[in-house]
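Worksheet: the structure to be examined is printed underneath.
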Amino acid sequence: MTVARLGRSFFDRPTRIVARQLIGCELWTRDPGVERGVRIVETEAYVGRDEANHANRGMTRRNRSMFGAPGTLYVYRIHRVVCANVVTRPGQAVLIRAGEPLGGTRELWAGGPGRLCRALGITIADDGTDAAAGARIRFRPWRRRPRAIVSGPRIGISRAVERPLRFAEAGSRYVSSPRPWAGSAGKRPTSA
DNA sequence: GAAAAGATTACCT
DNA sequence: GGTAATCTTTTCC
């Protein structure tokens with residue numbers, strides 16, 4: 001019997017472990033008449049004592065969801081798009097950066113955190129919802145085992161830029177660029 | 001109260 | 001490869 005969804009205990013673990021193990025898993029949203037899903041191919045971990053973490057300076061109006069139970073969604077707005085994260089330990093979360101469309105998505109392309117949210121219909125209204133138990137959004141275990149998983153520096157940040165907390169499925173064409181396995185100098189790709 | 005800074009993306013040359 | 005768009009939150013005075 002397969003597990004229907006990833007529950008609380010999956011998320012209540014060290015953030016980088018969760019970020020790595022989410023590769024290949026699926027993220028589904030449900031709206032009246034539509035189910036939309038992607039197979040996750042790229043994530044980033046935002047951990048404790050991390051200058052790039054929105055919660056690094058404690059709780060604020062924006063990041064309060066990051067202190068919710070494991071499995072809580074933290075959705076925030078940046079420029080004109082939103083990005084979705086799932087909480088692990090208090091003040092820590094995994095950013096879902098890219099996915100491979102499975103069905104129902106409006107977009108044929110879910111590469112990049114903003115596009116992924118748009119493809120799944122995730123909005124700022126989903127901030128704080130419980131993806132470990134709630135009805136609208138859930139994570140499912142992988143059905144197709146991911147290939148090798150690679151790691152590299154996170155994207156688009158200006159602090160703690162060197163930490164290899166970005167994870168991706170090796171070779172996936174759905175991963176946003178730069179691709180960790182491309183191996184350009186200074187990117188320090190490593191197998192993870 | 002004002003100013004700066006984004007965990008991005010699309011479009012420019 | 002570079003930069004403008006765009007607007008909320010955060011931070012500083």
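Keep in mind that this is a model prediction, so the values were computed, not measured. Note: hydrogens, waters and symmetry copies are ignored here, and every other heavy atom, side chains too, is used. Lettering follows sequence order; numbering is per chain, from 1.
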Original post:
Do A:Phe11 and A:Met66 belong together in a cluster built from hydrophobic side chains that touch within less than 4.5 Å?
Top reply: no

**OP:** Indicate if A:Val38 and A:Ile96 have the same hydrophobic cluster label, given that clusters are the connected sets of ILVMFWY residues with side-chain heavy-atom separations under 4.5 angstrom.
**Re:**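 Result: yes, single cluster for both.
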
Subject >> Dot-bracket encoding per residue of DNA chain C, Watson-Crick/G-U cut-off under 3.5 Å, | denoting interstrand >> reply: |||||.||||||.

Subject >> Lys NZ or Arg CZ of A:Arg13 over A:Phe10 ring: under 6.0 Å, within 45° >> reply: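 Pair A:Arg13/A:Phe10 counts as cation-pi.
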
Original post:
Does A:Asp130 pair with A:Arg8 as a salt bridge, N-O distance under 4.0 Å?
Top reply: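 A:Arg8 and A:Asp130: salt-bridged.
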
Original post:
Should A:Glu35 and A:Arg30 count as an ion pair when the cut-off is N to O under 4.0 Å?
Top reply: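 Looking at A:Arg30 together with A:Glu35, the answer is yes, because their closest N to O distance falls below 4.0 Å.
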
Original post:
Rounded to the Å, how far apart are A:Asn63 CG and C:dT8 P?
Top reply: 18 Å

Subject >> Summary of protein contacts for nucleotides 2-13 of chain B, nucleotide by nucleotide, where a base hit scores B, a sugar-phosphate-only hit scores S (4.0 Å, heavy atoms) >> reply: ----BBBSS---

Original post:
With a 4.5 Å limit on heavy-atom distance, are the side chains of A:Glu26 and A:Arg5 in contact?
Top reply: no

**OP:** Go through the steps to decide whether A:Glu100 and A:Ser172 satisfy the test side chain to side chain donor-acceptor pair (under 3.5 Å), and finish with yes or no.
**Re:** CA-CA 9 Å; A:Glu100 176 182 331; A:Ser172 172; 4.9 Å; no

Subject >> Partners meeting side chain to side chain contact (heavy atoms under 4.5 Å, CB included) with A:Ala52 (sequence neighbours left out) >> reply: A:Tyr46, A:Asp50, A:Arg154, A:Ile157, A:Ala160

